[in-house]
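Atom set for the values below is all heavy atoms of this structure, side chains included, hydrogens, waters and symmetry mates excluded. Below, chains carry the letters A, B, ... as their sequence lines are ordered, and counting in each starts from 1.
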Amino acid sequence: MSRQGPSKRYESDSDSDSVDSAEEARRRDLQERDEFANRLKKRDEDRTRNVVQNFDKRTYEEAAKRLKLDHAGRDKVISELRKTSRWKYLEKRKDDKLQELEADIVDDEYLFEEEILTEREKKERQHKKELLQLAQEHEKARELERIQRYHMPRDLGKDSTADYIEVDELEKVPQSEQKKWEKDQMASAVFKFGAKDVKKTDDYELLLEDQIDFIQALQMPGSSEKKVPEISDVQKKKLTIEETKKSLPIYPFKDDLIAAVKEYQVLIIKGETGSGKTTQIPQYLHEAGFTADGKKIGCTQPRRVAAMSVAARVAQEMDVKLGNEVGYAIRFEDCTSERTVIKYMTDGTLHREFLSEPDLQSYSVMIIDEAHERTLHTDILFGLVKDIARFRPDLKLLISSATLDVTKFSEFFDDAPVYQIPGRRFPVDIYYTKAPEADYVDACVVSILQIHVTQPLGDILVFLTGQDEIETCHELLQDRVRRLGSKVKELIILPLYANLPSDMQAKIFEPTPPGARKVILATNIAETSLTIDNIIYVIDPGFAKQNHFNSRTGMESLMVVPISKASANQRAGRAGRVAAGKCFRLYTAWSYKHELEECTVPEIQRINLGNAVLMLKALGINDLVHFDFLDPPPHETLVLALEQLYALGALNHHGELTKLGRRMAELPVDPMMAKMVLASEKYKCSEEIVTIGAMLSVNGAIFYRPKDKIIHADTARKNFYHMAGDHLSLLNVYNQWRDSDYSLQWCYENFIQHRSMKRARDVREQLVNLMQRVEIEMVSGIDETDNIRKAITSGYFYHIARFSKGGSYKTVKHNQSVTIHPNSALFETLPRWVLYHELVFTTKEFMRQVIEIESKWLLEVAPHYYKAKELEDSTNKKMPKTVGRSKMTD
DNA sequence: CCCTATGAT
C-alpha cells in the first residue's frame, strides 16, 4: 500500500498542474484508451471467429434441433407456459451464466498470458474451468433424464458419516453420548411423512399422493443442551440482569479473554450466535480499563437495527441512559455524546468516519462484528484497519466471525490468534430429498402440507427467492388448504420480503393462536436480517437472488443462483433457536456436498466499485491495485471505476484526487450522481436535482404493485409520467407528495410506497445539508426542464444511447444493443438520444430510468469526452452503417 | 411488454 502517514494525507493537492503537461497527458491518455478499445474489439472478433470454428458440427445440429423443439412447444402452450415460465426463466438464467463464464475464460486467456499471472490468478482460472466443466456435465446428465447420478447417502457407514456432519472443529470433539444419539437417529434414516402415525382420510390421500421422500443424513448438533426440551419449557423464567449476564456462554471466558486482548494486538473471535459476544465483550473491556484514558471502544455491525438494539441492550445492562456512556451511530442518526465510551455503529458509518479521522485516534479498541458476512464495507475496513494497526500499536483489533473460515482472517491479520467461544443452539435434524426436485415452488407447497399434517405444532419458515415467487406459492398453498377444509388445523400463511409494507411485515411477530400453525414465506431477509421466534421447521429450496456486475459491459444482472453451504447452514440454524428443529432441504445430499460452493462470493467481487474507489482515493490511498484486500476485486472492475472517475474529473491523469473529486467524496452517493448534484448549481436547479437524486437512491422501490391490483397501480403510475422522461416523473411524485404534506393517505391512493418516500426525504435532507458543507447554493425556480436534464447529463454522460432501429438502442460507449424498459415513460416515444440511469439484464438488456436529451448537450457538458464527429446523426444523412460504431473503428 | 434479493453512507 502506498500511503503516507496519516497527517499528510490531505496535503497533496494536485490541481495546480501546468496547462501544457495536462494537455500532453490528456493526449496520451486518449491514445491509450483508443489502443485499449481496439484491443477489446479485436478480441471480440477473434472470439466470435473461434466460437464458430470450434463448434462441433454435430453438437450444433443437436442443439439446433433441441432449440427448435423448444420453440415449437412454446408456441403450442402459451397459456400453460405462463405457469411454468418461472422454471424456464431459471433455465435461461443458467444458460446465460454458463455462456458468461465461458466468455470470461476465453477473455482471460486472450488478454493475459499464462506467464504473467500470479499463483492466485492461475488458480482462479483453473477453478473457473473446472466449474464450467462441472456445469456442462450436469447439463448432459439432465438431458439423459437419469437420476442415478445422484448418490444416495444410504450406504453411509459409520466412518463416512463424518463427511456429512457440518459442525465446526470445536464441536467435533468425540462425545460418546452424542455419537450414540446420532446413531439412533440414523437408524430411522428414511423419513417418510404420513406413513404410519397419521390415520389417513380421503383428503389426506389426495394430499399425500405426491409426497416427497426425505432422507435424514445428518444432524447439526446443538451446542449446550443435550436434552431436547419441549417448547413450553423454553419460556424462560425471569432472570435479573446480573443472572442473565452470568448465564451467557461467554461468561466463563471473561478473564481469559481480557488477558488475551492485553497480550495480542489483533484477535480473531470465533463464536456462534447467542454466545453474547456482541453485548458482553465491550463491557468486559470497559471494566478492564480500556476506556480509562478517554478513548472509546467501537463495534461495527452490518445492519442499522442491530446497532441500535444492541446499544439499547448494553445501556440497559450497564444501567445508563442510551446516548450517554453507551451510544450508537447510524446514517441519519447519531445517538452519542462526549461521554460515550462504548459506541456501536454500522460498518458504513465507520467507513465514512475514516474521512474525518483517518487514524481512529479516539478509539482504543475496534471490534468488527459479523465479519463472516463479508459486506463491502467490512471488507474495505479490514484493509484500512490492518494498515492503521501498524503505526498505532496501542490500538486493539477484534475481528469477530461465525464461520469455519476463521483461518483466512487469521492469515490476513499476520497469523493473529483465534479465540473460540461456544454458542448456544438447539440441535437441528437435516433432511434431504431422495431425488432432485424440478419445481421447487410446488415442492415447497407439498412439504409444507406434509409437515402440517404429520408433524407436531411449531411454525414453518420457507426460503424463496423473490416477491413474485412468494405470491405464487401463497396462492397455491391457500388453494390446497381450502380444499382440505376443516379437517386440518388452521394454517396461517404470511409473506415476508423487504418491500412489503411494514404493517404486513409486523404480522410475523404476532403470536400464533393456540392449535394453529404459522407458515412464513420469506426471502433472504429472514436469513440474517430478521429473526423470528418459534420457528421449528425450515424448508430450504437452496436458491437466492444475487446481483452481479459485469465490468465489461457495465451491466448489472440479478440472477437466481444456488446458495452456498455457509448460507444453507445459516438457514438451517434458524430452526434451532428456541427448541430442537428440523430443516428440509429440497435438494439431494450429493448436491449439497458436491455442487454448493463453500462460501458466498464476497460482495466486493460482485458489484460496481465506483463509490468505494472514490472513498479510498479520498483517504489518500493511490495505489488501489496493491491495496491489501482480503479478497481482491476483479482487476477490470477497479480499472473501470478509475476510468469513470477520471472522465468525471474526480481524478487527474496521475490518478490523484482533484478538488472536484474531494467534494464528490463528501456526498454519500455514487460518483456519477455526486457529479450531477454538484453540477446542478451551474444550471440553477439544485433543489430539483437533489430531489431526483434522493428518489433514484431508494432503488426503484417507489411504486407499489400488488398482484391483485396491477391495473390500478399502473394507471396510477402513469399519472405521474413526464414527457421528458422518468427522472422528471420521479420529481413529480416527490413534489406532489410534499404538497400533500407528506401524507400517508396520499401514498395509499397513488400506490406509492410510503416507506420509500420517507427514506427519499431523509436522503434529500442529508444531501441538502452536505451541499451547504461543500458550499453549494441551493437554487431553483425554472419551469422548463432543459437545465435539469443538462445537469443530469453532466453526471451521466457515460450513460448515453442512440436510437438505432426496431425500437432498439445502441449505447455510445460499448455499441451494445439495449432497449427502454416497459415501465418507462418513454417506452412508446422512442426519442433519438436518451440518457439512462442504469442498465440491467433481466429478460433483455434494459435501460431503467430514462430521459430524452439533445446530443449537443454532450459537447457542452463533457467536451473532453465527446467529439462532434461521433455525435452526427446517422439517420438524417445517408451514411455507411459503420458510423454507428463510433470511435471504436475510426 | 415488465418479473427489483438484501444491506448501507
Quiz item: A:Leu616 CG to B:dT9 P: how many Å, rounded?
Solution: 17 Å

Quiz item: For A:Thr523, which contact category applies under a 4.0 Å heavy-atom criterion: base, sugar-phosphate, or nothing?
Solution: sugar-phosphate

Quiz item: Touch check for A:Glu333, heavy atoms < 4.0 angstrom, all strands: base, sugar-phosphate only, or nothing?
Solution: nothing

Exercise. With heavy atoms under 4.0 Å as the rule, sort A:Phe846 into base, sugar-phosphate or nothing.
Key: sugar-phosphate

Practice problem: Determine the contact category for A:Asn547: base if any of its heavy atoms lies under 4.0 Å from a base atom, sugar-phosphate if only primed atoms, P, OP1 or OP2 are that close, otherwise nothing. | Solution: base

Quiz item: Closer than 4.0 Å, any side-chain N/O of A:Thr346 to the OP1 or OP2 of B:dA8?
Solution: no

Self-check item: Whole-Å gap separating P (B:dA8) and CE (A:Met673)
Solution: 18 Å

Quiz prompt | Salt-bridge criterion met for A:Asp714 and A:Arg717 (N-O under 4.0 Å) | solution = yes

Quiz item: So A:Tyr796 and A:His799, would you call those rings parallel, tilted or perpendicular, with 30° and 60° as cut-offs?
Solution: tilted

Quiz prompt | salt bridge (Lys or Arg N to Asp or Glu O under 4.0 Å) partners of residues 303-312 of chain A, not counting sequence neighbours, each pair once | solution = A:Arg303-A:Glu373

Self-check item: Side-chain donor/acceptor of A:Glu603 to base of B:dG7, under 3.5 Å
Solution: yes

Self-check item: Atom-pair distance (CG on A:Asp714; P on B:dC2), nearest Å
Solution: 13 Å

Quiz item: When we call it a touch if two heavy atoms are under 4.0 Å apart, what does A:Ala544 touch: a base, just sugar-phosphate, or nothing?
Solution: nothing

Quiz item: Side chain of A:Arg606: nearest nucleotide among B:dA5, B:dA8, B:dC3?
Solution: B:dA5

Quiz item: Which is true for A:Arg374 with a 4.0 Å heavy-atom rule: it touches a base, it touches only sugar-phosphate, or it touches nothing?
Solution: nothing

Practice problem: Look at all strands and tell whether A:Leu376 reaches a base, only sugar-phosphate, or nothing, counting heavy atoms closer than 4.0 Å. | Solution: nothing

Exercise. Provide, to the nearest angstrom, the distance between the CD atom belonging to A:Glu828 and the C1' atom belonging to B:dC1.
Key: 10 Å

Practice problem: Remember a base hit wins even if backbone is also touched, and classify A:Asn823 as base, sugar-phosphate or nothing at under 4.0 Å, heavy atoms. | Solution: base

Exercise. Specify the separation, in whole Å, of atom CG of A:Asp347 and atom P of B:dT9.
Key: 8 Å

Quiz prompt | A:Lys545 side chain, from C-beta outward: closest of B:dT6, B:dA5, B:dC2 | solution = B:dA5

Quiz item: Which part of the nucleic acid, if any, lies within reach of A:Arg331 when heavy atoms closer than 4.0 Å are counted: base, sugar-phosphate only, or nothing?
Solution: base

Self-check item: Given B:dT6, B:dC1, B:dT9, the nucleotide with the shortest approach to the side chain of A:Tyr497
Solution: B:dT6

Practice problem: May I ask you to decide whether A:Glu527 forms a salt bridge with A:Arg574, counting only side-chain N to carboxylate O separations under 4.0 Å? | Solution: no

Exercise. Please check the phosphate of B:dA5 (OP1 and OP2 only) for any side-chain N or O of A:Thr465 closer than 4.0 Å.
Key: no

Quiz item: Mind checking what makes side chain to side chain contact (heavy atoms under 4.5 Å, CB included) contact with A:Glu838, not counting sequence neighbours?
Solution: A:Glu556, A:Val840, A:Arg848

Quiz item: For A:Gln467, which contact category applies under a 4.0 Å heavy-atom criterion: base, sugar-phosphate, or nothing?
Solution: sugar-phosphate

Practice problem: Provide, to the nearest angstrom, the distance between the CZ atom belonging to A:Phe549 and the P atom belonging to B:dG7. | Solution: 22 Å

Self-check item: Between B:dT9 (P) and A:His351 (NE2): distance, integer Å
Solution: 12 Å

Quiz item: OP1, OP2 of B:dT9 versus side-chain N and O of A:Arg304: anything below 4.0 Å?
Solution: yes

Quiz item: Is any side-chain nitrogen or oxygen of A:Thr843 closer than 4.0 Å to OP1 or OP2 of B:dC3?
Solution: yes

Quiz item: Counting distance only, does the side-chain N/O of A:Ser309 pair as donor-acceptor with the main-chain N or O of A:Val305 below 3.5 Å?
Solution: yes

Quiz item: What is the distance from CD1 of A:Ile820 to P of B:dC1, rounded to the nearest Å?
Solution: 15 Å

Quiz item: Which nucleotide, B:dT9, B:dC2, B:dT6, lies nearest any side-chain atom of A:Asn611?
Solution: B:dT9

Quiz item: Are A:Glu353 and A:Lys343 ion-paired here, with the side-chain N under 4.0 Å from a carboxylate O?
Solution: yes

Quiz prompt | B:dG7 phosphate, OP1 or OP2, under 4.0 Å from A:Thr528 side-chain N/O | solution = no

